[in-house]
There are 2 protein chains.
Amino acid sequence: MSEYFPIVEISRLSRYIGQQVSLRGWVAHLRSSGKIRFVVMRDGSGLAQGVLVKGHLPEKDFDAFEDLTLESSLQLTGLVQAEPRAPGGYELQVTGLTPIHIAQEYPIQPKEHGVGFLMDQRHLWLRSPRQQAIMRVRDEVCRACRDFFHDRGFVLIDTPILTPTACEGTTNLFETDYLDRGKAYLSQSGQLYLEAAAMALGKVYCFGPTFRAEKSKTRRHLTEFWMVEAEAAFYTLEDLLNLVEDFVRFIVVRVLANREPELTLLERDPAPLEAVARPFPRISYTDAVAKLREQGVEMAWGDDLGGDEETALSRMFDAPVMVHRYPRQAKAFYMKADPDNPDLALCVDMLAPEGYGEIIGGSQREDDLEILLERLREHNLPREPLEWYLDLRRYGSVPHSGFGLGIERTVAWLCGLKHVREAIPFPRLIDRLYP
Amino acid sequence: MSEYFPIVEISRLSRYIGQQVSLRGWVAHLRSSGKIRFVVMRDGSGLAQGVLVKGHLPEKDFDAFEDLTLESSLQLTGLVQAEPRAPGGYELQVTGLTPIHIAQEYPIQPKEHGVGFLMDQRHLWLRSPRQQAIMRVRDEVCRACRDFFHDRGFVLIDTPILTPTACEGTTNLFETDYLDRGKAYLSQSGQLYLEAAAMALGKVYCFGPTFRAEKSKTRRHLTEFWMVEAEAAFYTLEDLLNLVEDFVRFIVVRVLANREPELTLLERDPAPLEAVARPFPRISYTDAVAKLREQGVEMAWGDDLGGDEETALSRMFDAPVMVHRYPRQAKAFYMKADPDNPDLALCVDMLAPEGYGEIIGGSQREDDLEILLERLREHNLPREPLEWYLDLRRYGSVPHSGFGLGIERTVAWLCGLKHVREAIPFPRLIDRLYP
């Protein structure tokens, strides 16, 4: 029986230099050089290199090296040394090696694989350093969002996923039978519910999965994605612009501060993120159209800003650009009209720089019952299932505003990813539901 | 035009004593006493009392009091004074009152209403002090969960809601058409996906909505509820018991420390929560059955612990009790058998005290490919849709364990609620999908 040494995580090795420890994890790389064997090992917290010198460990442990394969699990025991040339920066002078499970031939090899293949192997692909780094950035982004709202007194309100009505049409909604109560639809947004909660708690946010059964096959679309949404009583569009500017700046600063090693591994140039400074540019839809036309983009006032127009526009600025006051006709029924020009909605989209497109959409909400009823008629929406929402304009209506930020698009931007599918652990796309 | 004073939240009034400020919010209570008028106002952050004395404010502002109704929105301006007898502890000597919106007759009156009525009015009911307090406790519980895992190096992995297979049968699953790709099912648990992620990142957690299309009409069941789940490579059942004990203790301590005013408002006796001390009692299923029989509960070894048995058992202890090693036959296919007795599963349920029943379920997972295949056959489960899950036992399998905690049951316990429906903002029950 071998002596017992503390089992430590690789990320904590710096505290154990000169001591004997045990590591547990998986084989990331194997190589031999004369009489020396090297095992690069990962444990989810980091990488470390084990050095096996014949005679410095029991013969059966040294021989066990021959059985190891990529992704086999094992326990290594040895003396910790700093070694800047080793992957991860630390080396173990190995005194014991115990295989736990010898892996079959691992499907993902250190070579180019097609994306379709890697997506089929998503459950294994997550083990790659690149995918791990993206998940850690995602974790940081999610945490930053929650910290931001908590620090400012917003209360978390988890809005429902199963909703009784398809208040903006059922075309892009996933539908399910709700026991004996008819159809239910998977939520596209928690906004309407957040508005109710904002009248109770003043400032609220939700953060959960949302669903769009949209047949869009672009690098910015998922059928299931995560969104953080906030709503605040007494906030005007102006307050909202300030809030989202602070919010996005906060996320960028946090990721730069806490996820530098991950950004480096992802070969993400930090310069464009470091250049994201307040104030963010603010431009009206009308001025945006004019700017795009100057650059030769053919479009008429009233046209939607599509992916291409968003990309062109966002490339004009270093920081995320806030495009406000879109034509009201193209926007949702709940947006408040601009009192200075009722053809415009008091709304904002934020476009990330470097061509990443829309990451935030928000607006001041219509707070007058009669106008809201008129909007429902204009949009041909049934009134009865929205009676509860109309109640918010019957009992102490107040000006209020809110927004939603798409997590995967934000992570894709911060990590410099080409496609949002890598920004979520198990992506759901129009042609992908597995694994 | 009146002088401009800072607009402040009621929760910050203590910093403004002796100063003029403006508050914005809703009428919680109105009364007159001779020539004095009182407006108790809420703004989501707290309660404050405005005192109107004729002659101390413009006459039209004084007269505006007559128009106010319960839940009308308004802005009050005045001098801040500490007043221990006032609701909230502060009073405003009002110098200006501006109604924003006069509410129609508010449906929820200060009297007893039936639960069905209140649930129909959930969008308004949330405004009551009691419901606000529950939401704040819920926020604290959610935050404590995330802090606990973050502090211990667990990485957030959002697992998918839309899943391709109903690996434990479709009876209790919500089903939807997934575009042209056949059926998808709403997730009951992120566990299988978390296991894949744990092989990549070592320690992971997820936190999201889960769904059960179960026709259970009890005070502990929702069709849509939130669950936090964690999974850790190299954790044995013993490690898991220690982890969940630390976890639940952490949540209780945080709620006691940060949500004392809310617990007081809810008339929740803190003594039973303060008595939740480590170590939590640990009892095997076999011993639990013996103890229940001693108390006259008729049951045979092998019977499930139902709600009544859980309640009886949890009442025997001050702290949450961890019941481990249930009969394997009654448990899920992925649980590892106890090497000391293969009829038992290496699993644990944690039952909250005071009769609140199961809040946690967890287990060590089967990590041997051949045994897992045998289990699939025993449970009549199709192998093909689980190939990806079986891969985790092909490529560097390791011992690992995990658990899930139900948020609404935990909140119901901590708040002392009779039914989980009050523990979530917009509850979904077998007979309720509105608002």
Side-chain angles (χ1 to χ4, degrees), chain A residues 24 26 43-45 71-73 100-101 103-104 106 123-124 126-127 132 135-136 139 142-143 150 153 155-162 164 174-176 178-179 181 184 193 196-197 199-203 208-209 213 215 224 226 234 388 391 394-398 425-426 428 430 433-435, chain B residues 24 26 43-45 71-73 100-101 103-104 106 123-124 126-127 132 135-136 139 142-143 150 153 155-162 164 174-176 178-179 181 184 193 196-197 199-203 208-209 213 215 224 226 234 388 391 394-398 425-426 428 430 433-435:
Chain A
R24 298 185 300 197
W26 295 267
D43 72 350
S45 82
E71 285 300 322
S72 289
S73 49
I100 297 171
H101 177 250
Q104 298 178 20
Y106 194 62
H123 55 295
L124 302 176
L126 285 174
R127 301 184 185 189
Q132 284 189 50
M135 290 306 120
R136 287 182 190 280
D139 183 357
C142 293
R143 202 167 162 77
H150 175 77
V155 178
L156 174 68
I157 289 290
D158 295 309
T159 53
I161 306 298
L162 293 169
F174 289 106
E175 181 184 284
T176 188
Y178 191 80
L179 304 163
R181 314 278 302 177
Y193 293 97
M199 303 302 127
L201 291 144
K203 296 184 293 188
K215 293 199 176 174
E224 175 180 332
W226 283 65
F234 301 104
W388 69 268
D391 274 355
R394 292 187 179 107
Y395 307 111
S397 190
V398 301
F426 296 93
R428 298 298 181 237
I430 60 168
L433 185 60
Y434 179 93
Chain B
R24 298 185 301 196
W26 295 265
D43 71 352
S45 82
E71 285 299 321
S72 289
S73 49
I100 298 171
H101 177 250
Q104 298 178 19
Y106 194 61
H123 55 295
L124 302 175
L126 285 174
R127 302 183 183 188
Q132 284 190 50
M135 291 305 120
R136 287 182 189 279
D139 183 357
C142 294
R143 202 166 161 78
H150 176 77
V155 179
L156 174 68
I157 289 291
D158 295 308
T159 54
I161 305 300
L162 293 169
F174 289 105
E175 181 184 284
T176 187
Y178 191 79
L179 304 162
R181 315 277 304 177
Y193 293 96
M199 303 302 128
L201 291 146
K203 297 184 292 190
K215 293 199 175 174
E224 175 179 334
W226 282 66
F234 300 105
W388 69 269
D391 273 356
R394 292 186 178 108
Y395 307 111
S397 191
V398 301
F426 295 93
R428 298 297 181 237
I430 60 167
L433 184 61
Y434 179 93

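Given the structure is predicted, the values throughout are model-derived calculations rather than measurements.
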Between T176(A), L162(A), T159(A), which shows the greatest number of heavy-atom pairs under 4.5 Å with chain B? L162(A)

Picking from [options], which has the most non-hydrogen pairs under 4.5 angstrom with chain A?
| options | answer |
| --- | --- |
| I161(B), I430(B), I100(B), D391(B) | I161(B) |
| D43(B), V398(B), V155(B) | V155(B) |
| G208(B), G202(B), A196(B), G396(B) | G396(B) |
| E224(B), R181(B), Q132(B), K203(B) | E224(B) |
| C142(B), G153(B), A200(B) | A200(B) |
| R428(B), M135(B), E71(B) | R428(B) |

S72(A), part contacting chain B, at a heavy-atom distance under 4.5 Å: backbone

Side chain from CB out, backbone as N, CA, C, O: work out which of these in Q104(A) comes under 4.5 Å of a heavy atom of chain B, or both, or neither. both

Hey, could you give me the [atom1]/[atom2] distance between [X] and [Y], rounded to the nearest 0.5 Å?
| X | Y | atom1 | atom2 | answer |
| --- | --- | --- | --- | --- |
| L156(A) | R136(B) | CG | CZ | 12.0 Å |
| M199(B) | L124(A) | CE | CG | 11.0 Å |
| H101(B) | Y395(A) | NE2 | OH | 10.0 Å |
| W226(A) | D158(B) | CH2 | CG | 4.0 Å |
| Y193(B) | H123(A) | OH | NE2 | 10.5 Å |

Turns out that what part of P209(B) lies under 4.5 Å from chain A's heavy atoms comes down to side chain

Output, in order, the C-alpha distance, side-chain angles, deciding distance and verdict of side chain to side chain contact (heavy atoms under 4.5 Å, CB included) for L179(A) and K215(B). CA-CA 8 Å; L179(A) 304 163; K215(B) 293 199 175 174; 4.1 Å; yes

For the residue pair W26(A) and F234(B), categorise the inter-ring angle as parallel (less than 30°), tilted (30 to 60°) or perpendicular (more than 60°). tilted

